[in-house]
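For reference, the structure discussed in these notes is given below.
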Amino acid sequence: MRMRPTLSWTPPADLPPGSTDFERVVDALRAGGVLVLSGAGISTESGIPDYRGEGGSLSRHTPMTYQEFAASARARRRYWARSHLGWRTFGRALPNAGHRAVAALEAHGLVSAVITQNVDGLHQRAGSGNVVELHGSLARVVCLTCGAASPRAELARRLEEANPGFSPTAAGINPDGDADLTDAQVGDFRVVPCTVCGGILKPDVVFFGEAVPPQRVEHCRRLVREAACLLVLGSSLTVMSGLRFVRLAERSGKPVLIINRDPTRGDTHALTRVALPLGAALTGVAERLGVQVAERVAAT
């Protein structure tokens, strides 16, 4: 499954309107076996902007493609400078009420698993145990030459040492952890190599134009086939890597429910789209089911 660099989608005029009634979501969760598919919209209340919602980062930022990253040392310098700065903020983000509600519903046996398109690790920090990171995680780094993996925190330390005093002011942070910096702010930022073989380091995330590992895709397909229902949270489903699971659920006779404030590319496949803020909606759903949601997760 290759991540298509689809950056925009225009909703057709005949899409059904969103609802403010989450009764169908409550009923589905009460029955159990609900598989969650989450996108960037679930993390906006944690201070991480989404791509395509109101004020989304695509209005000012084009995500890095795998082809550009692999081919250009200049592109890698720009990426790592921006990502290094963004990591300082991104890495401190805390799970919000939406993440905590999903974790609580899983703990009560109502959510079977979470497939997340996000790379922020916030579902796990909220307490969700069965999480598939479809697009990888910014908390890990891999070498494109030898395949060695290492923690992002270790790379952050090495980049700090190689670039003392690097602390420009970013215009914003994006869902991929990339800070908005000008070329002048990037300057002569130094990129460090793999400590094992001296090769090129890359975050362990699926860039646009890169393939999601096939075994991960098949695992997600199996989760869809085994689920009673698919609940989409905070995703526009513009990228095919998420949308195809919605289509698979529909073909398999599994109901699809969506909570997202804006129209999505999957609305025509869904029983309903609840157009409410995710934190409030999911907390309300949990309350209706008698499930207590933790108030907050402590910073680490």
Side-chain angles (χ1 to χ4, degrees), residues 1 3 6 9 11 15-16 18-19 21-43 50 52 98-99 101-118 122-124 126 128-135 206 212 215-276 278-279 281-282 284-286 288-289 291:
M1 179 191 296
M3 277 271 288
T6 303
W9 169 74
L15 270 186
S19 170
D21 181 2
F22 49 68
E23 190 64 31
R24 282 180 167 175
V25 177
V26 171
D27 290 342
L29 283 162
R30 183 179 288 115
V34 174
L35 173 64
V36 165
L37 172 63
S38 71
I42 198 170
S43 293
D50 64 8
R52 300 174 180 84
H99 298 109
V102 171
L105 291 165
E106 180 187 354
H108 280 74
L110 306 180
V111 166
S112 59
V114 177
I115 300 171
T116 184
Q117 298 172 279
N118 301 337
L122 292 179
H123 278 297
Q124 294 93 319
S128 289
N130 192 5
V131 180
V132 180
E133 294 174 311
L134 185 62
H135 298 154
V206 179
V212 178
Q215 64 272 23
R216 191 180 303 166
V217 175
E218 184 51 40
H219 178 44
C220 292
R221 286 174 174 152
R222 178 173 58 80
L223 289 174
V224 173
R225 289 192 292 265
E226 293 175 351
C229 171
L230 180 64
L231 176 61
V232 180
L233 303 176
S235 176
S236 67
L237 299 169
T238 298
V239 176
M240 186 58 69
S241 63
L243 179 63
R244 67 184 59 207
F245 297 127
V246 169
R247 291 176 172 174
L248 173 60
E250 184 183 42
R251 290 196 304 271
S252 303
K254 312 296 175 68
V256 176
L257 302 165
I258 298 174
I259 305 179
N260 198 65
R261 295 188 69 169
D262 299 318
T264 83
R265 201 174 169 193
D267 283 9
T268 55
H269 306 284
L271 292 179
T272 186
R273 175 176 61 85
V274 179
L276 291 172
L278 273 162
L282 287 171
V285 167
R288 289 285 302 278
L289 293 167
V291 173

Distance in Å, [X] [atom1] paired with [Y] [atom2], rounded so as to fall on 0.5 Å steps:
| X | Y | atom1 | atom2 | answer |
| --- | --- | --- | --- | --- |
| His123 | Glu133 | NE2 | CD | 9.5 Å |
| Ile259 | Thr264 | CD1 | OG1 | 12.0 Å |
| Asp267 | Ser236 | CG | OG | 10.5 Å |
| Arg265 | Leu15 | CZ | CG | 12.0 Å |
| Leu248 | Leu243 | CG | CG | 11.0 Å |
| Leu122 | Ser38 | CG | OG | 9.5 Å |

(request) Please check if any side-chain donor atom of His219 sits under 3.5 Å from a side-chain acceptor atom of Arg216, or the reverse. (result) no
(message) Between Ser112 and Glu226, is there a side-chain donor-acceptor contact under 3.5 Å, judged purely by atom types and distance?
(response) no
(request) Check whether any side-chain heavy atom of His135 lies under 4.5 Å from a side-chain heavy atom of Val212, and answer yes or no. (result) yes
(message) Any heavy-atom pair between the side chains of Pro263 and Arg273 that's under 4.5 Å?
(response) yes
Atom of [X], atom of [Y] and distance for their closest heavy-atom approach:
| X | Y | result |
| --- | --- | --- |
| Gly39 | Gln117 | CA-OE1, 3.9 Å |
| Cys220 | Phe245 | CB-CZ, 3.4 Å |
| Leu35 | Ala113 | CD1-O, 3.4 Å |
| Glu218 | Arg225 | OE2-NH2, 2.7 Å |
| Leu289 | Arg30 | CD2-CB, 3.7 Å |
| Asn260 | Ser235 | OD1-N, 3.4 Å |

(request) Before giving the answer on side chain to side chain contact (heavy atoms under 4.5 Å, CB included), spell out for Glu23 and Thr272 the whole-Å C-alpha distance, their side-chain angles and the decisive distance to 0.1 Å. (result) CA-CA 10 Å; Glu23 190 64 31; Thr272 186; over 6 Å; no
(message) Using a strict threshold of under 4.0 Å (side-chain N to carboxylate O), is an ion pair present between Asp27 and Arg24?
(response) no
(message) Taking side-chain contact (heavy atoms from CB on, under 4.5 Å) as the criterion, tell me which of Ile258, Leu237, Thr116, Val114 meets it with Leu37.
(response) Leu237
(message) I need the single residue from Leu233, Leu230, Leu231 that forms a side-chain contact (heavy atoms from CB on, under 4.5 Å) with Leu257. Which is it?
(response) Leu231
(message) Using a 3.5 Å distance criterion without hydrogens, assess whether the side chain of Glu106 forms a donor-acceptor pair with backbone atoms of Asn130.
(response) yes
